[in-house]
2 protein chains.
Amino acid sequence: MTVTLADVAARARVSPATVSRVLNGNYPVAAATRARVLKAVDELDYVLNGPASALAAATSDLVGILVDDIADPFFGIMASAIQSEIGGPGGRAGGERLAVVCNTGGSPERELTYLTLLQRQRAAAVVLTGGAVDDAEHRAAVAAKLRRLSEAGTRVVLCGRPPVPDTGAVTLAFDNRGGGRELTGHLIALGHRRLGYLAGPEERTTARHRLEGHRAALAAHGIEDDPCRTVHGRYDRQSGYEATLELLRRDPALTAVVAANDSVALGVCAALRDSGHHIPGDVSVAGFDDLPCSIDTVPALTTVRLPLARAGARAGRIAAGREEPPPGGIATLRGELMVRGSSGAPRG
Amino acid sequence: MTVTLADVAARARVSPATVSRVLNGNYPVAAATRARVLKAVDELDYVLNGPASALAAATSDLVGILVDDIADPFFGIMASAIQSEIGGPGGRAGGERLAVVCNTGGSPERELTYLTLLQRQRAAAVVLTGGAVDDAEHRAAVAAKLRRLSEAGTRVVLCGRPPVPDTGAVTLAFDNRGGGRELTGHLIALGHRRLGYLAGPEERTTARHRLEGHRAALAAHGIEDDPCRTVHGRYDRQSGYEATLELLRRDPALTAVVAANDSVALGVCAALRDSGHHIPGDVSVAGFDDLPCSIDTVPALTTVRLPLARAGARAGRIAAGREEPPPGGIATLRGELMVRGSSGAPRG
DNA sequence: CTGTTAGCGCTTTCAT
DNA sequence: ATGAAAGCGCTAACAG
């Protein structure tokens, strides 16, 4: 009842092999024959059977994109860029690739599960985005999976994620350390000496690297890094809100708060507003990522712009095999400091 | 070289069929045998071949989620909710489903392409989110595709999208008309009589329905609907910014601007600020959707909260076959008016 | 509860 | 340029 390639062949009065060749366009076929086949395809409303095709050819057109949180524009922007570079023509059979995004929810287990699922589908490529969970066991498990995927012919690209050595994975990393250093450096230059820092989840590499940059900037200027001025939390607004109140409790004389990312910074702003502090008159605020939202806060947020779309597009092209990997398989992309109204000189 | 089910069978000293039964867990197998098989799977590091499995079983565990714009939290939030309800155990083979999101970029052609690709993969279910393009030709093409998918056994769910009759598709629609009516009604109740309206893309059903609601509210209160106070545009911030300037040029005495969604409303706020208008003192602003960002504008945005996460979760469960479709296959979910600081009584 | 036997629908040598 | 035939790796009756 469901129409198969054989049906098309019968109607076009050719062999199944010829239909396959027309559909894949990877073999010379007489123009007249091709036309006849295409007509039959159209008339029968034939749709290629993906699994059968993938089984016989031992490859598929599936490309997986793993993200931590699809509801977060940070990942959405990257995923969108990746997908738009992959989803075009260029695949096998029918010329279209199925680029799909998988939401891990930040869970290491789900990350591994999705990798297995994609391995099971014999995916053509896999792109992993965002910071990794920096735990020895999980790192080893991911490395093993990536190695296995590479060996099976799946292209692996890490986008905005630190390299995983010896896996054949191409890496486009963000310079989170450098960005963090520059951001805190900017605040120090304005005259700030009592800076609160809201770090992201302790186990995430992005959070860790940004914090390292912050500390490097403090050290470079001989400012003591009082541990009670750093609070770890989640990468979300609410976490920023709560942590800010905690920070103010610990040191009411704070003149600046640096957040692990923009979502957290929005929470910081809200908490400061709600507790009667003026931004930047009383307290300066800075974020990281430069999400679209960040320009609409009042005052607009000082932050570090990450080239999310550019990185994603490049990762997509590499995954699609349309661009050469960077030399050594690793490239580091720098962020750009965006100075806006939320940062200013401290009072007094 | 790549290990197959037969290898596992050999090592576990059972037949391939038994291995398959263990892996799918849909058939009684002696505990001892199962353990032996699982051990072999582990030792050989075996990964099921998805295409082969899908071919033989004539079904797959792939579930597709179509979104207009993955970088927009409106879709991200729904997609996340859908995926978290589907991605769990409950699929075939190994107990995991591959729930993936496909980014159409709002293009009708890409929407159809993705539907074909999913049909090709013999997807277990497809969820379409967001407003449809309301063009007769495209509507017919989508309807035909959905019918074909349904007939092939793919579950089809429309989430936040108007029904498509006679396709077997289950619909969870948002009451955009009602929300629009309530929002404009609120502004009218505050005393506004000169309201600008920034409608979304003219061809989108969401934009259309929200506008209809707006007009219904005007009509209900006997307010003339001056066509020059309505401007169509894209669903983004920049569009809102530009259209607001245009609106003010046409009628500088406007006391309120209603936007098609929150992103547009952010642009409205920016344009008003930049042209020296106070919100809500000079001009009130209202959005639609209640995205997370909307609470962080100053003043916070009056808007209509849509149950994105709830709708997504329900759509996901229906797609996964874990919840019954609503009676008649259609449910309409209402929005909730969120009155915040951006709306107030008009001056004078 | 387990093994045997046919395919699922397509791709791809190898001939012609 | 086209056809014939042999699987790809798995599942699903059907026996036992």
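Each chain gets a letter, A, B and so on, in the order its sequence line appears, and its residues count up from 1. Bear in mind that the values here come from a model prediction, so they are computed numbers and not experimental data.
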Between [options], which one does the side chain of [X] approach most closely?
X	options	answer
A:A56	D:dG7, D:dC10, D:dT11	D:dG7
B:P28	C:dC1, D:dC10, C:dC10	C:dC1
B:A52	D:dC10, D:dT11, C:dG9	D:dC10
A:A57	C:dG9, D:dT2, C:dT12	C:dT12

Exercise. Which part of the nucleic acid does A:V14 contact within heavy-atom distance under 4.0 Å: base, sugar-phosphate only, or nothing?
Worked result: sugar-phosphate
Exercise. What is the nucleic acid contact for B:A30, judged by heavy atoms within less than 4.0 Å: base, sugar-phosphate only, or nothing?
Worked result: sugar-phosphate
Problem set entry | Nearest non-hydrogen partners of B:L62 and B:Q121, listed with the distance | CD1-CB, 3.6 Å
From [atom1] of [X] over to [atom2] of [N], roughly how many Å is that when rounded to an integer?
X	N	atom1	atom2	result
B:R21	D:dA15	CZ	P	15 Å
A:R122	D:dC10	CZ	P	7 Å
A:D61	C:dC10	CG	P	15 Å
A:L5	D:dT2	CG	C1'	14 Å
A:N24	C:dG9	CG	P	18 Å
A:Y27	D:dA1	OH	C1'	9 Å
B:R34	C:dC1	CZ	C1'	12 Å
B:L55	D:dC8	CG	P	13 Å

For this session: Give a yes or no on this: more than 12 heavy atoms of other residues, nucleotides or ligands lie within 6.0 Å of atom CG of B:D166.
Result: no
Problem set entry | Nearest-nucleotide comparison on DNA chain C, the residue closer to the 5′ end among A:N26 and B:A17 | B:A17
Counting only side-chain N and O atoms of [X], is one of them less than 4.0 Å from OP1 or OP2 of [N]?
X	N	value
A:T33	D:dT2	yes
B:S20	D:dT11	yes
B:N49	D:dC8	no
B:S53	D:dC10	no
B:T18	C:dG3	yes

For this session: To the nearest 0.5 Å, tell me how far A:R122 CZ sits from A:S60 OG.
Result: 9.5 Å
Problem set entry | Under 3.5 Å side-chain donor-acceptor pair for A:T18 and A:S15 | yes
Exercise. Any chance the side chains of A:T104 and A:S107 put a donor and an acceptor closer than 3.5 Å?
Worked result: no
